[in-house]
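One structure is given below, encoded as structure tokens.
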Amino acid sequence: MTLTGQMLRGGFDGDIIEPGDAEYELVSGVKLAAGNPAYVLRPASVDGVQAAVRFASDAGFALAVRGGGHSFAGFGTNDGGVVIDLSRLADVTIVDHERRIVRVGGGATWGQVGAVLGEHGLAISAGDTKSVGVGGLTLSGGIGWKVRKYGLALDNLVSVDVVIADGSVVRANAEHNSELFWGVRGGGGNFGVATAFEFVAQPTTEVYFGTIAFPATEAHTVLRGWAEYLRGAPEELTSVAEFANPFAGPDAPVELHIAFDGDSAEAMAAAVDPIRRLGTVIKDDIALKPYLDILVDGATPPPGLKFVTRSRFVERESVADTLRILTEVAAEPGSPFMAVRGVGGVVSRVAADATAYAHRQAELMIMTTIAGPPPVVDAALPKLDALWQRLAQHVSGAYANFLTSAGEADVAAIYPPSTYARLAELKRRYDPDVLFAGNHTIRPA
Ligand SMILES: Cc1cc2nc3c(=O)[nH]c(=O)nc-3n(C[C@H](O)[C@H](O)[C@H](O)COP(=O)(O)OP(=O)(O)OC[C@H]3O[C@@H](n4cnc5c(N)ncnc54)[C@H](O)[C@@H]3O)c2cc1C
């Protein structure tokens with residue numbers, strides 16, 4: 001009897017998809033990575049997740065856990081191993097209307113969450129894309145359009161149910177298994193399969209959202225002014241700068257995407273007008289919209305493209321030098337695509353050791369991406385490395401959710417030493433044999 005046969009005999013609650021099955025092509029890979037797993041297991045219940053974890057562990061398969069399948073590093077698939085695809089665990093339920101507690105299945109996407117909560121005038125601080133999974137985004141941070149006012153997605157988490165490596169279910173929150181609760185808020189999928197998350201949602205009206213763009217020639221002054229303004233701006237205002245967009249050619253404008261979390265035109269104008277005065281505005285389409293409409297659908301790139309995405313954080317004293325270097329390189333031909341996200345606000349008022357996400361004092365998170373056929377990307381790598389070498393003395397850490405690589409240097413950048421030591425102790429306790437290795441993997445202490 002095959003391994004799946006044995007498992008079926010045990011009554012697996014869910015779908016078992018193997019090479020050759022009609023659905024296999026659709027589920028073998030993820031958004032940014034191809035894969036050829038031996039089994040894609042799609043549990044329909046927590047029991048099914050437990051059986052799938054035990055199956056992978058007992059049979060000695062490499063294991064990938066898939067939430068929304070948007071990991072830049074391609075963690076949601078593998079070659080020859082088992083994938084646990086959580087997409088059937090996607091219920092979104094408001095379990096306590098008064099306290100605004102929302103229970104979300106471990107395989108839900110932010111679009112599914114938004115569709116339910118929007119009808120109740122609620123939303124959860126998350127990301128910018130509907131198709132991104134709640135699981136991956138939350139377990140490593142969650143920097144989205146409400147981040148300055150309400151913090152990271154993981155700052156709004158109050159409880160999580162996790163199937164750990166031995167197949168048992170553990171609830172982690174401030175009262176129970178609080179050390180695990182600390183670790184899952186930043187430690188990614190290192191400690192098990194989160195079958196359900198409970199968040200506190202925020203009352204959400206329509207929000208102001210749009211883009212204010214400036215010519216590339218004004219990039220440096222605009223970005224400097226923007227970063228300085230964000231430091232003291234109303235926390236309803238969250239903003240992301242994008243520039244050096246290769247699809248827009250050498251004169252790609254500086255685009256400041258802006259979300260103002262509120263529906264007062266006066267308050268929005270007071271918050272946004274200082275940004276409008278930073279330079280020569282060539283586009284301004286800020287308008288009132290339902291919160292769900294400001295989230296986009298992640299486009300699926302054509303197969304075979306290679307991506308290299310790197311990220312780092314920037315604290316106050318390094319903002320000016322970092323933006324100077326980025327804008328100098330952005331003006332050169334063949335620059336990578338660059339994005340800078342304003343963080344700060346509520347995120348910075350949480351202690352660095354309160355969660356395994358430690359980069360609390362950063363004012364900005366910077367990110368570069370190069371994408372294209374593998375030889376083109378490989379040829380661009382020396383220039384990319386040179387940029388990051390110039391930046392090295394000004395930046396710190398790394399944002400796990402914006403990294404295509406997963407080597408030891410990446411893990412060391414994501415977790416400061418004291419955070420890593422605490423995570424390694426948790427790994428020893430919950431996953432000593434490193435079953436959950438398809439991650440920025442922590443080694444057991
Ligand atoms: C188009 C796009 C837009 C993005 N926008 C943002 C943004 O605005 N803000 C932001 O912060 N990030 C953003 N990201 C990054 C995103 O947060 C990460 O890619 C994240 O890992 C995606 O989570 P996922 O569940 O979709 O991915 P997956 O590939 O399914 O999972 C990613 C990792 O999380 C683990 N995981 C997922 N679900 C669970 C679970 N339930 N239990 C245990 N482990 C789990 C997986 O094992 C894997 O290690 C974006 C990514 C893309 C591709």
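Order of listing sets the numbers, starting from 1, for every ligand and every atom in it.
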For [X] and ligand 1, answer yes if some heavy atom of the residue is under 4.0 Å from a ligand atom, otherwise no.
{"X": "Arg66", "answer": "yes"}
{"X": "Tyr399", "answer": "yes"}
{"X": "Val132", "answer": "yes"}
{"X": "Gly141", "answer": "no"}
{"X": "Gly192", "answer": "yes"}

At what distance is the nearest protein heavy atom to [atom], and which residue and atom is it?
{"atom": "atom 48 (C) of ligand 1", "value": "Phe75 CB, 3.5 Å"}
{"atom": "atom 22 (C) of ligand 1", "value": "His70 CB, 3.8 Å"}
{"atom": "atom 26 (O) of ligand 1", "value": "Gly133 N, 2.8 Å"}
{"atom": "atom 3 (C) of ligand 1", "value": "Thr129 OG1, 3.3 Å"}
{"atom": "atom 32 (C) of ligand 1", "value": "Ser71 CB, 3.6 Å"}
{"atom": "atom 24 (P) of ligand 1", "value": "Gly68 N, 3.4 Å"}
{"atom": "atom 34 (O) of ligand 1", "value": "Gly136 CA, 3.3 Å"}

Between [options], which one has a non-hydrogen atom sitting closest to [atom]?
{"atom": "atom 30 (O) of ligand 1", "options": "Gly144, Pro301, Gly67", "result": "Gly67"}
{"atom": "atom 45 (C) of ligand 1", "options": "Asp85, Leu139, Val134, Thr77", "result": "Leu139"}
{"atom": "atom 6 (C) of ligand 1", "options": "Phe191, Trp110, Phe402", "result": "Phe402"}
{"atom": "atom 28 (P) of ligand 1", "options": "Gly69, Gly105, Ala64, Gly76", "result": "Gly69"}

Inset, instruction - With Lys146 as the cation and Tyr291 as the aromatic partner, state whether NZ or CZ is under 6.0 Å from the six-membered ring centre and within 45° of the axis. - result: yes
Inset, instruction - For the pair Asn156 (side chain) and Leu152 (backbone), establish whether a donor and an acceptor sit closer than 3.5 Å, ignoring hydrogens and angles. - result: yes
Going by the order shown, which atoms of ligand 1 are within less than 4.0 Å of some heavy atom of [X]?
{"X": "Gly189", "answer": "44 (N)"}
{"X": "Gly106", "answer": "41 (N)"}
{"X": "Gly438", "answer": "49 (O)"}
{"X": "Gly127", "answer": "7 (C), 8 (O), 9 (N)"}
{"X": "Asp128", "answer": "3 (C), 4 (C), 5 (N), 6 (C), 7 (C), 8 (O)"}
{"X": "Gly142", "answer": "11 (O)"}
{"X": "Val193", "answer": "42 (N), 43 (C)"}

Inset, instruction - Give me the ring orientation class for Tyr357 and Tyr399: parallel if the planes are under 30° apart, tilted from 30 to 60°, perpendicular past 60°. - result: perpendicular
Inset, instruction - Look at the rings of Trp145 and His257 and say which category their plane angle falls in: under 30° parallel, 30 to 60° tilted, over 60° perpendicular. - result: perpendicular
Please work out whether any backbone atom (N, CA, C, O) or any side-chain heavy atom from C-beta onward of [X] is under 4.0 Å from ligand 1, and answer side chain, backbone, both or neither.
{"X": "Leu86", "answer": "side chain"}
{"X": "Arg341", "answer": "side chain"}
{"X": "Leu137", "answer": "both"}

[X]-[Y] side chain donor-acceptor pair, cut-off 3.5 Å:
{"X": "Asp161", "Y": "Thr195", "answer": "no"}
{"X": "Ser71", "Y": "Lys31", "answer": "no"}
{"X": "Thr93", "Y": "Asp91", "answer": "no"}

Legend entry - With Arg185 via salt bridge (Lys or Arg N to Asp or Glu O under 4.0 Å) - residues at least two apart: none
Inter-residue atom distance [X].[atom1] - [Y].[atom2], 0.5 Å rounding:
{"X": "Leu230", "Y": "Glu363", "atom1": "CG", "atom2": "CD", "answer": "8.5 Å"}
{"X": "Thr322", "Y": "Arg312", "atom1": "OG1", "atom2": "CZ", "answer": "12.0 Å"}
{"X": "Thr109", "Y": "Gln112", "atom1": "OG1", "atom2": "CD", "answer": "3.5 Å"}

How about [X] and [Y]: are their ring centres within less than 6.0 Å of each other?
{"X": "Phe181", "Y": "His176", "result": "no"}
{"X": "Phe402", "Y": "Phe72", "result": "yes"}
{"X": "Tyr430", "Y": "Phe436", "result": "no"}
{"X": "Phe12", "Y": "Phe55", "result": "no"}

